[in-house]
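Here's the structure we're looking at; comments come further down.
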Number of protein chains: 2
Amino acid sequence: MTDPDTPKNNHLLNALPEAEYERLFPHLERVDMPLGEVIYESGGELRYVYFPVTSIVSLLYVMENGASAEIAVVGKDGIIGVALFMGGGSMPNRAVVQSAGHAYRLRGQLLMHEFNRYEGMLHLLLRYTQALITQMAQTAVCNRHHSVDQQLCRWLLLSLDRLPSNELTMTQELIANMLGVRREGVTEAAGKLQHAGLIHYSRGRITVLDRPGLEERVCECYHVVKAESDRLLPPPVELIAL
Amino acid sequence: MTDPDTPKNNHLLNALPEAEYERLFPHLERVDMPLGEVIYESGGELRYVYFPVTSIVSLLYVMENGASAEIAVVGKDGIIGVALFMGGGSMPNRAVVQSAGHAYRLRGQLLMHEFNRYEGMLHLLLRYTQALITQMAQTAVCNRHHSVDQQLCRWLLLSLDRLPSNELTMTQELIANMLGVRREGVTEAAGKLQHAGLIHYSRGRITVLDRPGLEERVCECYHVVKAESDRLLPPPVELIAL
DNA sequence: TCCGGTCTGTACGTTACCGCACATAAGCCG
DNA sequence: CGGCTTATGTGCGGTAACGTACAGACCGGA
């Protein structure tokens, strides 16, 4: 698995029993995920589900006054479109590409066929959804109790876990939209991290220099989400071995 | 359905196809839900699932320093123990009785048998879980963007929707724990509502006098959660007709 | 090379909430 | 009635984040 852009780089597709994967493979369509693209609109229909491989997608709630808040972030660990198999068909959230890259998509009907007929897909998707629930719950906790500094650390680490490199393309303005805070607040928090030598950034490009340092500063919320994800969906064994 | 304490008063049990309900009925065990009782501990095993009928249960995250925040609230509309059928077996949250009453419980194994064999139970529970996800997501948004005043309104209305009367037994101290704010903050917010003639409270007993008034003051978060719940799980028709 | 847009840094007054301390009030029970 | 416990009200300084305004820095295109 040296190619970072094969469907198997998505943890869910990779964890699927071989027979089920083979059935789906011909129907997986590789798609471009440009920064800022809206994959689903709030309340919109879900014709496809998306399995990111090198991209990251944010689930956002956009308020009536236009302000926003990130509910959860999905990358190669997951799937966009859980409302499809959960039965609701839509969600009151928007899904936006937060980090450009690629994903593989599948027609909703095909996924549903697999979901209804085969145990492997059903249990895998439900376990992932539970991990997603944990992430949302912890976002709520973090929004209530932790400082912007801590939330920025959490956000950086969650994004980092879903990317192949230690660099992400993201302006402070966009981070502020995700966290639901002022842009200046992000500037200040990011400044502290840069002075501490943990990150380097310039004009929308952030490089993480000292990941352990970030983990020291982050609040418990990150660790709770990480531990629960690992418990529910062990990372691919190939990646562990390497 | 004059008796408020039959299993059918729980919306999920009520929505189940008759044959599936009949199968489960002999195994439903009526249990007391006293105020403050911990139904599940964070990370604990789920031997039973609970269907509240006259009680309300809060899903709480308790932080390392002891502070807490409510993630979601479950009453006659739902079930406690989604981690069981989602596949994780546990969750990093505590479930605490927020309003005393009764519930019907079922052995986890029995529920799983039904869940794996019959479509009705599966789809019903997944749709409910999606509604729960919406509630959690909106809690995150509300914690970020709305004032204590608005959050109190949201909390009161969400609780009210899950109770038969317009009165709830709950000290300001406990509400503060749920919202993750100071007790004094609740005192102040509740004082405003009382002066406005919307509620009356004294020593742990809150009476809602003007529900439409509350709905005027509440933030959009409540309406989003309500609309999505109604969409995913239409309230029992008997109740609509009455 | 200069211009214009975008990204980042900084400053200032304002506000909401916090932490703490303590005052009042309401019910419980001897 | 009196004394205890618990619930609620209030005040005050501190702080984190907000809204606003504007200055510098960087980059790409004309």
Side-chain angles (χ1 to χ4, degrees), chain A residues 35-36 63 65-70 98-99 140-156 167-196 198-207 217 219, chain B residues 35-36 63 65-70 98-99 140-156 167-196 198-207 217 219:
Chain A
L35 180 61
M63 304 203 311
N65 68 10
S68 60
E70 189 181 74
Q98 178 210 304
S99 183
V141 172
C142 208
N143 283 351
R144 160 65 51 219
H145 289 289
H146 296 136
S147 66
V148 172
D149 291 32
Q150 291 174 301
Q151 291 183 51
L152 178 60
C153 287
R154 171 177 64 86
W155 190 88
L156 286 172
E167 193 176 301
L168 50 162
T169 305
M170 176 75 23
T171 67
Q172 299 182 351
E173 176 82 42
L174 289 177
I175 298 179
N177 289 153
M178 301 292 169
L179 296 182
V181 300
R182 283 185 320 156
R183 196 267 311 160
E184 293 89 333
V186 174
T187 299
E188 211 174 307
K192 289 183 199 169
L193 295 181
Q194 175 146 258
H195 281 110
L198 304 180
I199 65 174
H200 172 77
Y201 60 90
S202 86
R203 296 189 74 72
R205 170 164 286 113
I206 303 180
T207 312
R217 296 198 170 213
C219 52
Chain B
L35 179 62
M63 305 204 309
N65 67 11
S68 60
E70 189 180 73
Q98 179 210 303
S99 183
V141 172
C142 208
N143 283 351
R144 161 64 53 219
H145 289 289
H146 296 136
S147 67
V148 172
D149 290 31
Q150 291 173 303
Q151 290 182 51
L152 178 60
C153 287
R154 172 177 62 88
W155 190 88
L156 285 172
E167 193 175 303
L168 49 163
T169 305
M170 176 77 23
T171 66
Q172 300 183 350
E173 176 83 43
L174 289 177
I175 298 179
N177 290 153
M178 300 292 170
L179 296 183
V181 300
R182 280 186 323 157
R183 196 264 314 158
E184 293 90 330
V186 175
T187 298
E188 211 174 307
K192 290 184 199 169
L193 295 182
Q194 175 146 259
H195 280 110
L198 304 180
I199 65 174
H200 172 76
Y201 60 90
S202 87
R203 298 189 73 71
R205 171 164 285 113
I206 303 181
T207 313
R217 298 199 167 211
C219 52

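Below, read A as the first sequence line, B as the second, and so on, with proteins coming before strands; counting in each chain starts at 1.
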Whole angstrom value for the distance that separates [atom2] of [N] from [atom1] of [X]:
X: R205(A); N: dG28(D); atom1: CZ; atom2: P; value: 10 Å
X: H145(A); N: dC18(C); atom1: NE2; atom2: C1'; value: 12 Å
X: E188(B); N: dC20(C); atom1: CD; atom2: C1'; value: 15 Å
X: K192(B); N: dT8(D); atom1: NZ; atom2: C1'; value: 16 Å
X: I175(A); N: dG9(C); atom1: CD1; atom2: P; value: 11 Å
X: I199(B); N: dT8(D); atom1: CD1; atom2: P; value: 10 Å
X: E173(B); N: dT6(D); atom1: CD; atom2: C1'; value: 10 Å

Worksheet item: What does nucleotides 21-26 of chain D look like as a protein-contact string, B for base, S for sugar-phosphate only, - for none, at under 4.0 angstrom between heavy atoms?
Response: B---BB

I want to check something: taking the side chain as every heavy atom from C-beta on, are [X] and [Y] in contact at a cut-off of under 4.5 Å?
X: L152(B); Y: K192(B); result: no
X: L156(B); Y: L198(B); result: no
X: E188(A); Y: V148(A); result: no
X: R144(A); Y: Q151(B); result: yes

Practice prompt. Spell out, as yes or no, whether a donor-acceptor pair under 3.5 Å connects the side chain of N143(B) to the backbone of A140(A).
Written response: yes

Worksheet item: Hey, is the main chain of S68(B) close enough, under 3.5 Å, to the side chain of H145(A) for a donor-acceptor pair?
Response: yes

Discussion item. Just verifying a value: how many Å separate H146(B) NE2 and R154(B) CZ, rounded to the nearest 0.5 Å?
Written reply: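 That separation rounds to 9.5 Å.
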
Worksheet item: Taking OP1 and OP2 of dG9(C), is either one under 4.0 Å from a side-chain nitrogen or oxygen of Q172(A)?
Response: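 Looking at the OP1 and OP2 atoms of dG9(C), one of them is under 4.0 Å from a side-chain N or O of Q172(A).
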
Practice prompt. Please name the pair of heavy atoms, one in L193(B) and one in C153(B), separated by the smallest distance, quoted to 0.1 Å.
Written response: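 Looking at all heavy atoms of both residues, the closest pair is CD2-SG, 4.0 Å.
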
Discussion item. On a heavy-atom basis, which atom in T187(B) and which in Y201(B) lie closest, and how many Å separate them?
Written reply: O-OH, 4.1 Å

Report each atom pair, protein N/O against N/O of nucleotides 16-18 of chain D, whose distance is under 3.5 angstrom.
residue: dA17(D); atom: OP1; partner: V148(A); partner atom: N; Å: 2.8
residue: dC18(D); atom: OP2; partner: R182(A); partner atom: N; Å: 3.4

